[in-house]
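Reading through the structure tokens given below for one structure.
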Number of protein chains: 2
Amino acid sequence: MKRAPHHTPLDQLAEHLARSGQRLTNQRKVLTATFLEARGHLSAEDLYRQLLAAGHPVSMATVYRGLRTLVEAGLAVESRFVDGVVRYEPALDEPVHDHLVCDECGSVFEIENPLVDELYDLAQAHDGFLPRDHRLLIHGLCRSCQARTDAS
Amino acid sequence: MKRAPHHTPLDQLAEHLARSGQRLTNQRKVLTATFLEARGHLSAEDLYRQLLAAGHPVSMATVYRGLRTLVEAGLAVESRFVDGVVRYEPALDEPVHDHLVCDECGSVFEIENPLVDELYDLAQAHDGFLPRDHRLLIHGLCRSCQARTDAS
DNA sequence: ATGTATGCAAATGATTTGCACACTC
DNA sequence: GAGTGTGCAAATCATTTGCATACAT
């Protein structure tokens, strides 16, 4: 099911804000636009820097509050990585994906996971646990770091 | 492969310490014993409290350092949970297991995951990524919280 | 004796919050 | 104009670290 054509992310945000008596400020607009352009695994710090670089000075506090708003509006999903930092990525109408983390260079890749249903079945099988969501990180070495390691 | 019969966890720790020129102190012994008895998903804070309660005052710093040592000795494995807190559990000679987290009551259950190999195959298939380890959390509702929720 | 461990308190890093002022509705 | 939102700085929370002292080898 694709998103209705005339329903942009900004509309979605505006709608969410309106519903909950909040306001569509400039910071929220810029933050949202920048976040969506960057596309992928931004920490609050990352986004903060991008905003500064783009000539839109905001405070870290606003970035944190803004990212939470994006999550509440359904535009972003957050995941906490092993380094303890929470990163955000756009919530697209796409299948849930999981993450490959290279322990050498720190790159993060996304993979679609066709096994999700089976994993959820496993959970169900454990005393009737009702799965609703999951987080999967697979750690290892990306191709280029393997090459570098082999060489040394 | 099971552990050799006369190789207790404490032996294993002692061996690791000896190998790396470190010392088997009282704190490390007590900490290790308490950790292994408690069995399952302890945060540094949790272990600290248990040690105090058991009449073994230690500093938080020592608990943190001690837990790291246990990991290095291969007696514990650490996982960072979604709340951002790192928890430790005994590293047994058992198949890797994953976690079911109840979002209502916070309980954590362990499940063995027979799909691990398939997941690693998926990772491989993504541009030759070399998987070495993983972290899987499935969130949802445990049986009793489902019941409570249905009732309300 | 030599050098590692511990305790304490201060430092860190990510994130949150209180408050006075600024801006949206 | 009323009531959110923002910036700033101070507060939190989990965790780490520096340093003087205590203990294992």
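In what follows, every chain begins at residue 1, and chains take the letters A, B, ... in the order their sequences are listed. Reckoned from all heavy atoms, side chains included, excluding hydrogens, waters and symmetry mates. Every value quoted in this text rests on a predicted model; they were computed, and no experiment measured them.
- A/Asn26 and A/His56 are not linked by any side-chain donor-acceptor pair at a separation below 3.5 angstrom, with hydrogens and angles left out of the test.
- For A/Thr62, counting side-chain heavy atoms from C-beta on, the closest listed nucleotide (D/dT6, D/dA24, D/dT15) is D/dT6.
- Residues B/Asp133 and A/His139 have side chains that never bring a donor and an acceptor to within less than 3.5 angstrom of each other.
- Between B/Phe81 and B/His41, the angle of the ring planes goes over 60°, which puts this pair in the perpendicular group of the 30/60° scheme.
- Overall, the helix from C/dA1-D/dT25 to C/dA14-D/dT12 carries an axis bend of 30° between its ends, with five pairs at each end and the value rounded to 10°.
- For B/Tyr64, a side-chain nitrogen or oxygen approaches OP1 or OP2 of D/dT15 to under 4.0 Å.
- For B/Ala61, whose side chain is taken as the heavy atoms from C-beta onward, the closest listed nucleotide among D/dT15, C/dC8, C/dT15 is C/dC8.
- Within the 4.0 Å cut-off from OP1 or OP2 of C/dT4, not a single side-chain nitrogen or oxygen of B/Thr25 is found.
- One atom, CZ of B/Arg68, and another, P of C/dA5, lie 12 Å apart when rounded to the nearest Å.
- For B/Arg135 (side chain) and B/Arg80 (main-chain N/O), a donor-acceptor pair under 3.5 Å exists by modelled atom type.
- Counting only heavy atoms from C-beta outward, the side chains of B/Arg132 and A/Leu141 approach each other to under 4.5 Å.
- Atoms OH (A/Tyr48) and C1' (D/dC8) sit 11 Å apart, rounded to a whole Å.
- Here the C1' atom of nucleotide C/dT16 and the CG atom of B/Asp83 are 16 Å apart, to the nearest Å.
- Between the C1' atom of D/dT6 and the CG atom of A/Leu67 lies a distance of 15 Å, rounded to the nearest Å.
- The listed nucleotides are D/dT25, C/dT4, D/dT15; the one nearest the side chain of B/Gln22 is C/dT4.
- Map B/Tyr88 and B/Asn26 each onto its nearest nucleotide of DNA chain D; the residue landing nearer the 5' end is B/Tyr88.
- The pair A/Arg19-A/Glu15 counts as a salt bridge, with a side-chain nitrogen and a carboxylate oxygen less than 4.0 angstrom apart.
- With hydrogens and angles disregarded, no donor-acceptor distance shorter than 3.5 Å links the side chain of B/Arg143 to the backbone of A/Phe129.
- Taking every heavy atom of residues 52-59 of chain B and every atom of DNA chain C, pairs under 4.0 Å involve B/Pro57, B/Val58, B/Ser59, by number.
- Considering only the side chain of B/Arg23, C/dT2 comes nearest among D/dG7, D/dT4, C/dT2.
- The interatomic distance linking A/Leu13 (CG) with C/dT24 (C1') rounds to 14 Å, in whole Å.
- Between the side chains of B/Ser43 and B/Glu45, not a single donor N or O lies within less than 3.5 Å of an accepting N or O.
- We find that CD of A/Gln27 is positioned 11 Å from C1' of C/dT24, with the value rounded to whole Å.
- For A/Arg28, the side-chain atoms get nearest to D/dT6 when compared with the rest of C/dT15, D/dT6, D/dT17.
- You won't find any donor-acceptor pair under 3.5 Å spanning the side chain of A/Arg65 and the base of D/dG5, going by distance alone.
- Here the P atom of nucleotide D/dG7 and the CG atom of A/Leu31 are 10 Å apart, to the nearest Å.
- Here the P atom of nucleotide D/dA14 and the CG atom of B/Asp46 are 11 Å apart, to the nearest Å.
- A donor-acceptor contact shorter than 3.5 Å links the side chain of B/Thr34 to the backbone of B/Val30.
- Annotation: side chain of A/Glu110 is not in contact with side chain of B/His126 (no heavy-atom distance under 4.5 Å).
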